[in-house]
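Reviewing the structure listed below.
The residues of the chain are indexed from 1 along the displayed sequence.
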Amino acid sequence: SSKAYINLNVKLGGLGPDYEAIKEKKEKLKQQKEYAKQIKEHNMKSIASVQRLPTKPQVISSVSRQKALEYAKKIPRPKTFTARQSDEEVKEERVLPQTLNGDSLPQIASLETLQNRHKKEKQVVAAFRTLHIL
């Protein structure tokens, strides 16, 4: 029975690298790359040879756009309600100060807001002076 074992071509693994398996894998990768290259070249040629026909979706989109524009023209626009004061009330509020000659001066912000702004700016300047920045 030990002779039967000797006749079997059993290949045991070794300690070093298996050069035959590496060569097979390398050859397989080389074939894959070659095939991919051929397919790419074929696709490039077929794309270049195809003539581009006028596309119909553009025509359809322009027709649908025309329909949409016609529809938009037919829809009544909503009325906007704004709370406006009557013209007389507006005129009364816009009484402009006049000079001695009777000329009207342009409307300015209220005096109180200007005074408050002046006070705040004074404080900012004072703070800068204390820090010796100005």
Side-chain angles (χ1 to χ4, degrees):
S1 64
S2 61
K3 291 181 182 181
Y5 289 114
I6 293 174
N7 291 338
L8 293 176
N9 289 331
V10 178
K11 190 172 188 180
L12 300 175
L15 294 176
D18 188 8
Y19 292 112
E20 292 179 18
I22 293 173
K23 286 182 183 179
E24 291 174 5
K25 287 182 183 178
K26 188 174 181 181
E27 185 65 30
K28 187 176 180 181
L29 282 174
K30 185 178 178 182
Q31 289 176 353
Q32 286 177 345
K33 287 182 182 180
E34 184 69 28
Y35 179 72
K37 185 178 178 182
Q38 290 175 0
I39 295 296
K40 183 178 180 181
E41 289 176 4
H42 175 70
N43 288 340
M44 294 299 284
K45 288 178 184 176
S46 65
I47 290 173
S49 67
V50 172
Q51 294 179 354
R52 296 189 178 189
L53 302 173
T55 55
K56 293 183 180 179
Q58 292 177 352
V59 175
I60 293 171
S61 66
S62 64
V63 170
S64 61
R65 177 171 167 72
Q66 291 297 327
K67 288 181 183 179
L69 291 173
E70 290 175 13
Y71 177 75
K73 288 179 184 177
K74 294 178 184 177
I75 295 177
R77 294 186 180 190
K79 296 180 182 179
T80 56
F81 295 104
T82 56
R84 293 186 179 178
Q85 299 173 345
S86 65
D87 292 335
E88 296 174 3
E89 292 177 7
V90 172
K91 287 180 184 176
E92 290 175 7
E93 288 180 5
R94 291 187 184 174
V95 175
L96 298 175
Q98 296 182 353
T99 62
L100 296 175
N101 299 337
D103 299 331
S104 59
L105 294 174
Q107 189 175 7
I108 58 172
S110 69
L111 185 60
E112 292 176 9
T113 56
L114 290 176
Q115 287 176 343
N116 290 337
R117 179 177 164 192
H118 181 65
K119 288 178 184 177
K120 289 179 184 176
E121 289 177 358
K122 270 186 169 179
Q123 292 172 353
V124 170
V125 170
F128 281 135
R129 286 191 179 150
T130 58
L131 296 174
H132 302 292
I133 294 176
L134 290 179

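For Q32, the side-chain contact (heavy atoms from CB on, under 4.5 Å) test picks out K28, L29, with sequence neighbours left out. The side-chain contact (heavy atoms from CB on, under 4.5 Å) test applied to I75 returns Y71, not counting sequence neighbours.
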Indicate every side-chain donor-acceptor pair of residues 114-127 with a distance under 3.5 Å to a residue at least two apart or in another chain.
| residue | atom | partner | partner atom | Å |
| --- | --- | --- | --- | --- |
| N116 | ND2 | E112 | O | 3.4 |
| R117 | NE | E121 | OE2 | 3.2 |

Can you give each donor-acceptor pair under 3.5 Å made by side-chain atoms of residues 38-46, sequence neighbours left out, with the distance rounded to 0.1 Å?
| residue | atom | partner | partner atom | Å |
| --- | --- | --- | --- | --- |
| N43 | ND2 | I39 | O | 3.4 |
| S46 | OG | H42 | O | 3.4 |
| S46 | OG | N43 | O | 2.8 |

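Cluster partners of I22, using a side-chain heavy-atom cutoff of under 4.5 Å among ILVMFWY residues and allowing indirect links: none. Side-chain heavy-atom separations under 4.5 angstrom define the hydrophobic clusters, and L69 shares its cluster with no other residue.
Summarising the geometry, atom CD belonging to E24 is positioned 8.0 Å from atom CG belonging to D18; distances are rounded to the nearest 0.5 Å.
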